[in-house]
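Here is the structure we will look at.
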Amino acid sequence: MHSGDVSPTTPKLQLQLSIPHHDPTYYIPDGNTVLLVENTLFRVHRSTLTKDKSTFDSMFSLDSDLRSSSSTPSVTAGPEGESDDNPIRLQGDTAQEFRALLWALYALPPELTLALTPKANTSQLFNLARITHKYEFRSIEAWALGALTTIYTRPTHSPSVQVEDVEGPSLVQLTELASLCEQRDLLDAATLRWKRLLASGKDIALAIGVAERLNLRTLLGFAYHSMMLQGREVWDNDALLTRAQRIRLLSGHYALGRLWERLPSEPPVISHSPRCTGGAQVRCNQAWGALWRSTLDMGRQVLLIQYADVVGKLMLAESVTKALVEREIPTQGMLDGMPWCKDNVLAAVAGKVKEVQESLADYFTDVV
């Protein structure tokens, strides 16, 4: 190395990197408030930051009260926020997030309209939602979350298994944001994307970790169920799984196996037609019980469905029941005892599938 070369770790370069620089867009010459975020200086209008009854409104009001009550003149570089030498320092934020906030506060209508189209900058909207939640810009937060929800629920947006935008937030980040802001529609969109990943056998341990950390019960159940179906060898070799999670997988396998053994004797309740009364209703219930056992028995005979895959077997039973009711396959007299209620069994089976899916997390519990 030549003597004139500068190493990336030299004190001179470190000093250069630590010197704050002006933001190229939001260091506004006629602004009256200077803020430092990371290593970037922003100069903006105080009145703009106090919109929407945000935290900045309270912050500046408190600062004004403190100044008026102070009898000691400042001997430093002037009041905080009035110069580059004494900026207001925002901790825990990134320059990208604060830049997204200023974009929303200063943007023209055409720019805001663009955020509701397929050309939207999802990273910008993500950063905007995070920082507006923190500083309580309630209406802007709701707008940003609504825009993100529109994007991620749009049918044309990433319909395949590939669920993450190249330049947008990761699926983990999107899930964390939806959970933080309690945005149910966005959380449902993120969960749907997780389910697509789980169905392809990808990032299952990651999904378990995210769901446990954020207490997302529906996602947690699907993630544990997907990992269970991968088999013991996969669990033991997945470095992301903890010992406690492996124990929960064993517990879930046992509990779901027991559930499968009970199900034939516990047909879901069906709604009877007003015409189905008295002895007819007794015969209807008997016929329904026999039909329920027959459709579940098909799950026992299909070798490709694992023993503890109750969800898979119930979905097979649902398909068979639908085919019988709609006469797509011979009924062999199984529907003769329920002439007025056979259509209602579809709702009963679908309800059972949904019930088991939504309660999956309850089966993967710690062993006491």
Side-chain angles (χ1 to χ4, degrees), residues 26 35 37-38 42 44 48-59 90-107 111-155 157-158 163-198 203 206-223 358 361:
Y26 297 108
L35 303 99
V37 186
E38 292 186 318
F42 297 87
V44 296
T48 300
L49 286 176
T50 58
K51 290 180 179 179
D52 211 9
K53 299 186 184 300
S54 70
T55 302
F56 287 104
D57 189 16
S58 303
M59 182 192 306
L90 299 184
Q91 304 295 331
D93 305 315
T94 68
Q96 285 282 63
E97 288 173 345
F98 196 66
R99 197 173 289 116
L101 172 62
L102 297 178
W103 167 78
L105 291 173
Y106 283 100
E111 297 176 78
L112 297 175
T113 302
L114 188 66
L116 301 176
T117 71
K119 296 181 180 180
N121 184 331
T122 53
S123 290
Q124 186 180 57
L125 289 171
F126 171 79
N127 288 327
L128 177 61
R130 278 182 55 88
I131 198 165
T132 51
H133 178 81
K134 176 179 178 179
Y135 291 109
E136 300 181 355
F137 286 85
R138 295 306 186 200
S139 65
I140 301 177
E141 177 192 356
W143 178 83
L145 290 171
L148 282 170
T149 302
T150 298
I151 291 167
Y152 285 99
T153 55
R154 186 179 292 127
H157 187 270
S158 212
V163 298
E164 294 185 12
D165 297 323
V166 175
E167 298 180 354
S170 69
L171 185 53
V172 173
Q173 290 174 320
L174 192 69
T175 308
E176 289 172 339
L177 175 68
S179 178
L180 172 69
C181 299
E182 299 180 349
Q183 222 299 341
R184 172 53 56 183
D185 291 341
L186 184 59
L187 187 57
D188 287 345
T191 301
L192 179 60
R193 288 161 178 267
W194 278 113
K195 288 180 180 178
R196 291 173 182 165
L197 275 180
L198 297 175
D203 292 335
L206 178 61
I208 290 175
V210 170
E212 286 188 335
R213 176 162 52 85
L214 300 178
N215 193 29
L216 303 176
R217 301 292 292 172
T218 299
L219 176 58
L220 183 63
F222 276 100
E358 292 180 348

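Computed from a prediction, not measured in an experiment: that's the story for all the values here.
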Euclidean distance, F222 CZ relative to W194 CH2, rounded to 0.5 Å: 14.5 Å

Criterion side chain to side chain contact (heavy atoms under 4.5 Å, CB included) against W143, the qualifying member of L125, T132, L148: L125

Any donor-acceptor N/O pair, T150 side chain to G146 backbone, under 3.5 Å: yes

Worked verdict on F56 versus L90 for side-chain contact (heavy atoms from CB on, under 4.5 Å): CA-CA 11 Å; F56 287 104; L90 299 184; 4.1 Å; yes

Under the salt bridge (Lys or Arg N to Asp or Glu O under 4.0 Å) test, residues paired with D52 that sit two or more places apart: none

Under 3.5 Å: donor-acceptor pair, side chain of S54, backbone of L49: yes

Evaluation steps, side-chain contact (heavy atoms from CB on, under 4.5 Å), between L214 and T175: CA-CA 9 Å; L214 300 178; T175 308; 3.9 Å; yes

Separation of M59 CE from T50 OG1 (nearest 0.5 Å): 11.5 Å

Nearest-0.5 Å distance, OG1 of residue T149 to CG of residue L174: 8.5 Å

Under 3.5 Å donor-acceptor, Q183 side chain and D185 backbone: yes

E97 (side chain) donor-acceptor with I131 (main chain) under 3.5 angstrom: no

Trace of the side-chain contact (heavy atoms from CB on, under 4.5 Å) decision for L171 with D203: CA-CA 11 Å; L171 185 53; D203 292 335; over 6 Å; no

Value rounded to 0.5 Å, distance of CG in L101 from CD in E141: 12.0 Å

Full working for side-chain contact (heavy atoms from CB on, under 4.5 Å) between W103 and L112: CA-CA 9 Å; W103 167 78; L112 297 175; 4.0 Å; yes

